[in-house]
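Scroll down for the structure; my scribbles are underneath it.
Below, all heavy atoms of this structure are taken into account, side chains as well, without hydrogens, waters or symmetry copies. Lettering of chains follows the sequences in order, A, B, ..., and the numbering in each one begins at 1.
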Amino acid sequence: MKELLWLIVALPFAGALILALAGKKLPRLACAIVGVGSISLSAIAAFMVGLDFLHGNSMGAPFDQTLWQWIDVFGLSPRIAFHLDTVSLTFIFVITFVGALIHLYSAPFMWKEEGYARFFVYMNLFVGFMLMLVLADNLLLLYLGWEGVGLCSYLLIGLFLLFTNFHTLNIQAILTAAPAKWAVGSGVAITTAFLLLGGAIGKSAQFPLQTWLPDAMAAPSPVSALIHAATMVTAGVYLIARTHVLFSLAPIVQSTVAIIGAVTLILGGLAALYQHDIKRVLAYSTISQIGYMFLALGVGAWSAAIFHFMIHAFFKALLFLGAGSVIWVMRNEHNMFRMGGLWKKLPVVFWTFLVGACALSALPLITAGFYSKDEILWLSYASDKGSVALWFTGLAGAFITALYTFRMVFLTFFGPRKAEPTQRPGIAMTLPLIVLGLLSLVGGFIELPDNMGHVTLFSRFIQKTLPATMITSFGHSTELIAQLIAAAVAITGAGIAYKLYYNKPFPAAIPVRNSWQTFFFKGWDFDQLYNSIIVAPIVFLSRIDKDDVIDRFYNILAAITRLLNRALTATQNGRLRWYAMMLAIGTIITLTILFYP
Amino acid sequence: MTIPTEQQILLAVILFCIGLTGVLVRRNVIFMLMSVEVMLNAAGLAFIVGGAAWGHADGQVMFLFILAMAAAEVAVGLALIIQLYNKFKSDDADKASDMRG
Amino acid sequence: MNILFYISAILAIVATLRMITGKNAVHSLLYLIVSLLAVSVIFFLLGAPFIAALEVIIYAGAIMVLFVFVIMMLNVDGNGIKKERALLQPGIWTGPSLITAVLFLEMAYMLVQQPASPVEQAAIAAARQEIPPGAVGALLFTKYILVVELAAFLLVAGIIGAYHLGQKEKISHHRFLKNQEKSI
């Protein structure tokens with residue numbers, strides 16, 4: 001069964017290939033079946049592989065499957081090979097399963113659009129590359145997958161550093177050889193880890209490279225759900241988790257990861273609080289939640305980070321799909337202040353959206369989000385790399401999260417109705433919402449904290465691959481107090497949002513009044529900042545260099561050549577006496593050189 | 001005959017330089033050709049002097065070959081002068097400078 | 001006998017100078033013949049009677065006569081002398097004179113620089129005798145036989161070239177080439 005591992009990656013590519021070649025000629029239904037079916041089959045294959053992996057012969061030991069030798073030159077010999085262990089199994093499960101649901105949802109969502117087949121080609125290709133990234137056995141193949149989902153060049157430099165030091169890009173080999181070769185805190189370890197971190201920041205939209213994510217909300221909602229909630233942006237998290245050994249060797253970089261996570265989660269949260277567009281709220285929310293994952297990675301809470309990744313994928317995809325449904329029925333209206341009073345008209349969407357919102361706000365005990373976020377908050381305090389400051393930041397972020405989430409819910413679904421929805425979404429769109437909603441509720445029960453039943457299914461699953469978190473031991477009572485504080489914070493946030501936004505008559509378009517609101521609305525005005533720091537000087541330089549100073553150098557070279565040409569031409573004037581004179585002068589010079597040393 | 005060899009060769013050098021001056025100064029092609037003949041003659045004189053100094057006949061043989069060469073050269077050169085005259089209708093060497101540039 | 005050498009030398013130099021500064025082509029030619037005759041005397045004094053005779057017969061006799069023929073054929077009229085006078089301004093002599101002066105000085109310096117060693121001088125002094133034509137002939141037909149053949153090649157080539165180059169232009173009667181003149 002485990003041999004079906006390659007199918008998981010191959011099926012999406014096959015789907016993409018079929019649709020790319022024949023998509024134009026197939027009717028829409030066939031395109032949808034192929035597109036959704038490939039990912040669904042991949043999910044089924046992932047399920048079977050996972051079953052065999054967990055209960056079969058090897059019981060969770062890592063499994064490698066080599067397809068063929070990719071390159072073999074001068075000692076560099078990466079293969080097309082897949083490495084399956086508990087971490088990558090988690091990731092492929094999430095990617096294929098949530099991906100299949102999103103594909104199912106997007107089949108009717110995109111029905112009226114142009115380029116239906118091409119849409120599924122791109123979606124399938126994306127899922128295929130993401131799976132390749134996650135299952136890659138060596139960093140080169142991972143890079144291929146990474147490029148496939150889009151990359152900045154930081155990672156490549158980090159690869160070079162790694163290769164020259166270890167003469168292999170095989171991830172497992174690097175991770176076992178690195179602690180032996182590089183001392184903790186050595187310069188090369190720090191540089192490598194820092195460069196890898198750079199790639200992860202860009203991909204996962206953390207501070208300071210987070211400006212692209214809200215602008216990417218121009219994509220249709222299923223795309224946002226797939227790429228910007230469940231999969232691509234979590235590639236950074238995966239990379240850091242996968243190369244955790246290198247980060248352990250560079251403690252200062254790991255602390256940077258935590259600090260970046262903390263800063264980003266506040267940044268994203270505050271920006272989300274002031275948005276009008278429902279999808280931009282979710283975009284900033286994604287930035288903020290991935291900040292939580294980075295915070296967890298930074299304090300060494302590996303399994304907590306991956307746990308939160310999984311749960312976040314469920315409820316964020318749910319929220320995006322739900323928002324997409326609302327936008328779809330409201331004829332492409334994105335502004336929350338123009339919606340209202342939809343809870344009676346769209347019951348399924350409303351209830352699932354509410355479940356997702358509760359999970360996002362980490363309402364205690366019933367939602368999966370509570371367990372995952374609470375674990376991160378606890379470990380940011382209790383881990384040996386954690387601190388009170390980080391815990392407090394996480395707590396503040398939780399408060400803001402609850403606030404903006406319920407603001408979004410109340411504005412969209414409650415209050416006076418501003419416009420009529422056109423139709424109800426069909427079963428293909430509501431089924432994924434229901435499934436994801438159920439997962440958001442019960443998904444957390446595989447990992448319960450120590451003082452609440454101490455279920456550690458998930459962390460044991462992950463700890464087969466990643467090391468356990470180092471915890472300074474606190475008592476159960478301390479943990480209970482921390483959990484109570486976290487729960488209180490979440491409920492308070494929801495309550496304040498209720499007070500401010502429930503059934504209040506807001507006009508259709510609220511103008512942003514004072515400069516603070518504008519500042520947060522524009523996402524802390526990073527676009528303006530980057531524009532003045534980076535773009536404006538370059539434009540200024542190019543303007544003063546209008547005549548291209550560099551070119552002038554080459555023009556001078558050409559002018560010198562022309563000058564020489566004219567000078568030499570003058571000596572060829574076709575006159576016999578002139579040539580004779582040149583002969584005489586040449587003779588004189590030769591004699592001089594020969595006889596007067 | 002006890003004239004030092006250096007003086008004899010000096011005579012050849014003087015004649016050679018005079019001939020060179022003639023080539024460089026005169027514009028008329030016929031004069032140029034005559035000056036070239038002077039130069040050839042001077043070179044031959046130098047050969048003879050050398051051969052006589054060492055007592056070999058090689059110098060004279062050299063001069064003989066120079067003479068043969070000069071004869072052939074004059075023949076062809078004068079024919080070319082005739083062609084030049086017919087084409088450019090003047091005996092100015094500077095007129096035949098179409099190969100400039 | 002030495003004095004004869006110096007007289008002939010001065011004569012040769014003066015005649016050559018007069019030759020290159022002359023305006024009339026025929027006059028310059030005659031000066032050149034005088035110069036050649038003077039050089040022939042020098043050859044005789046050096047003990048090379050064969051070459052002295054050849055100088056007169058071939059150089060002064062054939063080559064210069066060829067010059068005369070061509071000058072006559074080209075029909076340089078009275079205007080030619082005026083032209084030459086106009087061309088030969090005194091100022092025109094400075095540049096080339098300078099160049100040749102430098103060249104002369106260099107060669108003279110080279111001459112004076114390396115006097116012969118006593119052994120060479122003795123050999124030179126002992127070798128001053130007349131070299132008869134027989135010796136030249138013997139050398140020509142043994143040691144330098146190949147060069148003689150080459151000289152023959154050269155002369156044949158010269159004849160053919162001179163004949164071809166000296167032709168008058170032919171007007172072609174080919175209907176396509178009628179307007180073109182026959183090129184060289």
Are B:V61 and C:K143 close enough that some pair of their side-chain heavy atoms sits under 4.5 Å apart?
no
Given heavy-atom pairs under 4.5 angstrom as the criterion, report whether the side chain, backbone, both or neither of C:M64 touches chain B.
side chain
Tell me which of these, C:V147, C:I159, C:L32, has more heavy-atom pairs under 4.5 Å with chain B than the rest.
C:V147
Does some side-chain heavy atom of B:F31 sit less than 4.5 Å from a side-chain heavy atom of C:T21?
no
Relative to chain B, which of C:V156, C:L54, C:L150 shows the most heavy atom pairs under 4.5 Å?
C:L54
Worked check of side chain to side chain contact (heavy atoms under 4.5 Å, CB included) between B:L11 and C:I13
CA-CA 8 Å; B:L11 170 65; C:I13 291 173; 3.9 Å; yes
Could you look at C:V39 and say if it's the side chain, the backbone, both or neither that has a heavy atom under 4.5 Å from chain B?
side chain
If you count heavy-atom pairs under 4.5 Å with chain C, which of B:L33, B:L40, B:N86 comes out on top?
B:L33
Counting only heavy atoms not in C:Y6, do more than 12 fall under 6.0 Å of its OH?
yes
Heavy-atom pair of closest approach, residues C:L111 and B:L10:
CD1-N, 3.7 Å
Taking B:S35, B:G59, B:A57 one by one, which has the highest count of heavy-atom pairs under 4.5 Å against chain C?
B:A57
Rounded to the nearest 0.5 angstrom, the CG-CG distance for C:L74 and B:N28 is 9.0 Å
Please find the pair of heavy atoms, one from C:L165 and one from B:A79, that lie closest to each other, and give the distance.
CB-CB, 3.7 Å
Is it the side chain or the backbone of C:V136 that comes within 4.5 Å of chain B heavy atoms, both, or neither?
both
Chain C shares the most heavy-atom pairs under 4.5 Å, among B:V13, B:N41, B:L64, B:I81, with B:N41
Side chain, backbone, both or neither: which part of B:M32 has a non-hydrogen atom closer than 4.5 Å to chain C?
neither
Is it the side chain or the backbone of B:L20 that comes within 4.5 Å of chain C heavy atoms, both, or neither?
both
Per-residue tally against chain C (heavy atom, under 4.5 Å) across B:L24, B:T21, B:I9 peaks at B:T21
Inter- and intrachain pairs under side chain to side chain donor-acceptor pair (under 3.5 Å), touching residues 41-63 of chain C, at least two apart:
B:E37-C:Y59
Side chain / backbone / both / neither for C:I58 at chain B, heavy atoms under 4.5 Å:
side chain
Please give me the minimum heavy-atom distance between C:I20 and B:R26, naming the atom from each residue.
O-NH1, 2.7 Å
For residues 65-77 of chain B, which side-chain donor-acceptor pairs fall under 3.5 Å, sequence neighbours excluded?
none

To the closest 0.5 Å, what do you measure between CD1 (B:I18) and OG (C:S97)?
10.5 Å
Pick one of side chain, backbone, both or neither for C:Y163, based on which atoms fall under 4.5 Å of a heavy atom in chain B.
neither
Proximal component of C:A151, with respect to chain B [non-hydrogen, under 4.5 Å]:
side chain
Identify which of B:V49, B:I82, B:I14 forms the greatest number of heavy-atom pairs closer than 4.5 Å to chain C.
B:I14
Heavy atoms from other residues, nucleotides or ligands near OH of C:Y144 exceed 12 (cutoff 6.0 Å):
yes
Any side-chain heavy atom of C:L139 within less than 4.5 Å of one from B:Q60?
no
Please find the pair of heavy atoms, one from B:M34 and one from C:F67, that lie closest to each other, and give the distance.
CG-CE2, 3.6 Å
